[in-house]
Amino acid sequence: MFMLSCRDVAASASDYINRDLTWRQRLGVRFHLLMCRFCHRYVHQMRQTVSLLGRIGRTPPSSTLDDPGGDTARDLFRSTRPR
Amino acid sequence: MSGQTVSDDVLVAGVLAGDEQSFVALVERYQRSLLRLARHFVRDEALAEDVVQDTWIGLLRGVEKFEGRSAFRTWLFRILSNRAKTRAVREARYVPMDLQDGPAGADDSFDHTGTWRVPPEEWKISPERLLLSAEIRSVVDKTLAALPPGQRAVVELRDIDGLDAADVRNVLGITETNQRVLLHRGRTRLRAALASQLG
């Protein structure tokens with residue numbers, strides 16, 4: 001089996017997390033991760049980074065934001081209603 | 001306020017039924033994401049806000065055409081993408097987003113055999129605490145702002161806004177390969193920025 005280097009695995013980390021690799025490619029990465037704690041750590045940190053970004057996206061806006069949006073939203077809604 | 005989140009489909013049904021509060025809820029849910037995307041198409045903040053308003057008006061006028069074949073969020077982002085390009089060209093303020101990215105710089109993290117020269121260190125803070133730190137949030141915000149536009153757009157749409165790869169390709173008009181490269185490079189920079197704080 002073609003042995004991947006740490007550089008290869010790091011370059012594939014994003015695709016690996018997204019499951020965008022072929023079955024064979026994925027197997028090569030997993031095999032390497034079993035043997036290399038540094039790459040295992042790197043991929044884990046990449047997952048944590050992606051997870052953190054996702055949580056930022058799901059965090060509601062602060063109270064200083066967007067209440068003008070609420071009034072504007074109501075105005076927009078009413079302006080498009082049939083008279 | 002209920003701890004449960006009302007789904008987009010329920011809110012869309014509410015808007016169709018003439019419920020104003022459903023529309024307000026959608027605005028609250030997506031306003032920030034839409035502004036963030038609009039800023040990638042037009043560099044003028046006031047125009048970006050107009051584009052987002054155009055998008056909401058477009059939604060209200062066309063909501064009965066939403067057939068649910070894609071996620072509502074995807075449909076909404078596509079409306080914005082179309083409105084942004086139309087408006088920006090009309091106002092001669094269209095700066096095509098640089099989505100091509102340059103060649104990757106030399107990576108000295110690895111030696112000539114491809115082995116780590118300086119291996120990644122353990123992060124000293126637990127994942128659960130990551131989001132609680134204003135300092136970490138500041139690092140993420142600053143790093144995102146400093147990313148090349150293409151990398152930033154893809155990371156925001158995929159990882160913050162949760163769109164899938166096909167939707168991001170459609171919204172930004174880029175190829176699969178381009179999308180994957182931009183995402184990889186953006187995530188790599190963000191991981192490195194976090195590592196400098198947490199390692």
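Within every chain, numbering begins at 1; the chains are lettered A, B, ... in the order of the sequence lines, protein sequences first and strands thereafter.
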[X] side chain near [Y] side chain, heavy-atom distance below 4.5 Å:
X	Y	answer
Leu183(B)	Asn18(A)	yes
Val24(B)	Phe77(A)	no
Pro120(B)	Phe38(A)	yes
Trp56(B)	Thr72(A)	no

Listing, residues 138-146 of chain B side-chain donor-acceptor contacts under 3.5 Å, not counting sequence neighbours, or none:
| from | atom 1 | to | atom 2 | distance (Å) |
| --- | --- | --- | --- | --- |
| Asp141(B) | OD1 | Arg137(B) | NE | 3.3 |
| Thr143(B) | OG1 | Val139(B) | O | 2.7 |

So which of Arg29(B), Glu156(B), Glu176(B), Glu121(B) has the biggest tally of heavy-atom pairs under 4.5 Å with chain A? Glu121(B)
Around atom CD of Glu135(B), are there more than 12 heavy atoms from other residues, nucleotides or ligands closer than 6.0 Å? no
Is there a path of hydrophobic side-chain contacts, each under 4.5 Å between heavy atoms of I, L, V, M, F, W or Y residues, that connects Tyr42(A) with Val50(A)? no
Under 4.5 Å between side-chain heavy atoms, counting indirect links through other Ile/Leu/Val/Met/Phe/Trp/Tyr residues: same cluster for Leu4(A) and Val43(A) or not? yes
Show me the side-chain donor-acceptor pairs of residues 9-19 of chain B shorter than 3.5 Å, one per line, residues at least two apart or across chains.
| from | atom 1 | to | atom 2 | distance (Å) |
| --- | --- | --- | --- | --- |
| Asp19(B) | OD2 | Ser22(B) | N | 3.1 |
| Asp19(B) | OD2 | Ser22(B) | OG | 2.5 |

Could you state the interatomic distance from CH2 (Trp116(B)) to CZ (Arg37(A)), rounded to the nearest 0.5 Å? 13.0 Å
Can you tell me how far the CD atom of Glu20(B) sits from the CZ atom of Arg78(A), to the nearest 0.5 Å? 4.0 Å
Check whether Asp15(A) gets within reach of chain B through its side chain, its backbone, both or neither, counting any heavy atom under 4.5 Å. side chain
If you check every heavy atom in residues 157-167 of chain B against those of chain A, which residues fall under 4.5 Å? Arg158(B), Asp159(B), Ile160(B)
Heavy-atom closest pair (Ala73(A) atom, Val27(B) atom, distance to 0.1 Å) is CB-CG2, 3.7 Å
Nearest atoms (heavy-atom pairs only) where Gly114(B) meets Ser5(A): O-CB, 3.7 Å
Option in Cys39(A), Ser51(A), Ser12(A) with maximal non-hydrogen atom pairs under 4.5 Å from chain B: Cys39(A)
The test is side chain to side chain contact (heavy atoms under 4.5 Å, CB included); show your working for Thr49(A) and Arg187(B) and say whether it passes. CA-CA 7 Å; Thr49(A) 302; Arg187(B) 283 174 171 177; 5.5 Å; no
Enumerate donor-acceptor pairs with a distance under 3.5 Å from any side-chain N or O in residues 188-199 of chain B to protein atoms, sequence neighbours excluded.
| from | atom 1 | to | atom 2 | distance (Å) |
| --- | --- | --- | --- | --- |
| Thr188(B) | OG1 | His184(B) | O | 2.7 |
| Arg191(B) | NH1 | Gln45(A) | OE1 | 2.3 |
| Ser196(B) | OG | Ala193(B) | O | 2.6 |

